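First up is the structure itself, then whatever we jot down about it.
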Amino acid sequence: MIVDYHMHLRGPSEGREGPIEHTVEAVERFAEQAATRGVDEIGFTEHVYYFRELDRFVEHPYQRSRLGHELDAYCDAVVEGKRRGLPVKLGLEVDSVPGREGELLELLAPYPWDYLLGSVHIVDGEAVDMEPGLWKRLSVEDVWSRYFEAVGELAASGLVDVLAHLDLVKIFGRRPESSAVAAHHAAAAAAVGEAGVAVEVSTAGLRKPVGELYPAPDLLARCRESGAGATLASDAHVAGDVGRDFPAALELLREAGYETVTVFDGRRARQEPLG
Ligand SMILES: [Zn+2]
Ligand SMILES: [Zn+2]
């Protein structure tokens with residue numbers, strides 16, 4: 001089985017980012033693209049920070065500028081896709097909300113999530129994946145340390161089922177020395193193993209300055225050793241990117257020792273043969 005468990009429901013576009021379109025017609029276009037790429041099941045993971053119902057969890061100015069869409073419309077579009085027999089799952093990309101996980105889960109409880117995807121984009125109020133962001137305040141070493149501390153806390157929080165782009169902090173290609181990288185990898189893998197969350201192998205990093213898959217081979221192998229499950233992810237923001245570059249992602253998974261992929265239904269995980 002091949003899944004793509006990270007994408008943002010958008011309308012048609014020439015570029016990499018389509019306009020917001022939370023409709024069943026958009027769900028159908030993404031499902032059609034999945035079929036042509038040999039992807040068996042897709043999961044939508046719109047950002048929390050698009051939804052006005054969740055605005056009390058959104059603080060960063062960039063994220064606040066995205067607010068204004070309706071959570072009900074998004075969920076209804078995906079649920080209607082399911083009703084029409086499409087192999088689609090309902091997810092949400094959730095930024096870490098230290099200390100407020102219970103409050104967020106309560107707000108999300110009425111919706112039929114298949115899984116929640118956890119991301120660290122913002123640390124100490126500054127973006128890791130945008131410039132200048134956190135990079136103007138801290139050294140590369142300290143950005144990495146603060147980022148992976150936040151990842152460990154998110155894993156342990158019980159908020160999410162899968163961690164997205166686990167080493168997003170490498171996005172601009174800046175890294176501390178290799179012994180420090182290895183130490184961060186070891187700590188992150190231990191945290192995901194202990195928490196029982198899965199990690200995604202994302203091809204989005206191939207389209208970013210770093211030009212690599214997330215996570216690094218060493219980090220993924222350590223996650224495998226710690227017993228973490230794995231999913232596949234394109235982080236598509238336009239239908240054409242669904243399943244993009246998946247042969248490379250499958251190769252990375254197999255090299256790390258994965259023979260199964262984690263599949264979710266109603267926030268319950270199970271393993272299916274990979275491929
Ligand atoms: Zn993300
Ligand atoms: Zn995303």
Side-chain angles (χ1 to χ4, degrees), residues 3-11 13 15-22 26-27 30 33-34 39 42-51 54 57-60 62-67 69 71 74 78 88-97 104 113-123 126-131 133-134 143 147-148 150-151 154-155 157 159-172 188 192 197-210 212-215 219 231-246 249 264:
V3 302
D4 184 345
Y5 271 177
H6 187 158
M7 63 192 66
H8 300 271
L9 190 54
R10 298 287 188 272
S13 162
R16 282 252 132 87
E17 171 96 43
I20 287 271
E21 190 190 323
H22 294 155
V27 170
F30 276 67
Q33 179 66 28
V39 174
I42 57 176
F44 296 95
T45 50
E46 192 54 277
H47 290 287
V48 160
Y49 60 73
Y50 277 89
F51 299 115
L54 306 175
F57 295 95
V58 184
E59 284 165 10
H60 190 272
Y62 167 81
Q63 295 192 341
R64 288 206 65 84
S65 76
R66 296 302 200 252
L67 277 167
H69 300 271
L71 188 55
Y74 166 65
V78 179
V88 297
K89 291 283 159 80
L90 179 63
L92 191 68
E93 184 171 2
V94 180
D95 278 82
S96 57
V97 286
L104 178 54
W113 307 111
D114 288 304
Y115 60 96
L116 297 177
L117 178 64
S119 296
V120 174
H121 302 111
I122 311 284
V123 177
E126 300 275 14
V128 169
D129 59 347
M130 286 185 274
E131 292 183 298
L134 195 60
V143 173
Y147 172 79
F148 276 111
V151 166
L154 178 58
S157 72
L159 178 61
V160 297
D161 307 297
V162 189
L163 290 181
H165 40 61
L166 193 55
D167 56 356
L168 178 71
V169 70
K170 74 181 179 191
I171 185 168
F172 300 114
V192 300
V197 295
V199 297
E200 66 173 27
V201 170
S202 170
T203 60
L206 295 172
R207 307 187 291 276
K208 295 288 160 45
V210 69
E212 296 175 12
L213 296 162
Y214 304 118
L219 177 51
T231 67
L232 288 142
S234 64
D235 208 346
H237 286 69
V238 64
D241 278 346
V242 174
R244 184 173 289 276
D245 299 318
F246 269 26
F264 286 96

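Note that the structure is a prediction, hence the values are computed from the model and not measured. Numbering of ligands and ligand atoms starts at 1, following listing order.
- Atom OE2 is the N/O/S atom of E93 found closest to the Zn ion (ligand 1).
- Within the coordination shell of the Zn ion (ligand 2), defined by N, O or S atoms under 2.8 Å, H8 is present.
- One of the N, O or S atoms belonging to H121 lies under 2.8 Å away from the Zn ion (ligand 1).
- Side-chain atoms of D167 do not come within 3.5 Å of backbone N or O of Y214 as any donor-acceptor pair.
- Restricting D235 to its N/O/S atoms, the shortest distance to the Zn ion (ligand 2) is reached by OD1.
- Considering all non-hydrogen atoms of both residues, V120 and L154 come closest at CG2-CD2, 4.0 Å.
- For the pair Y147 (side chain) and V128 (backbone), a donor-acceptor distance under 3.5 Å is absent.
- Nearest heavy-atom pair, A198 versus F264, reported as atom, atom and distance to 0.1 Å: CB-CZ, 4.5 Å.
- Checking side-chain atoms of R10 against main-chain N and O of E17 turns up no donor-acceptor pair under 3.5 Å.
- The distance from the Zn ion (ligand 1) to the nearest N/O/S atom of H6 is not under 2.8 Å.
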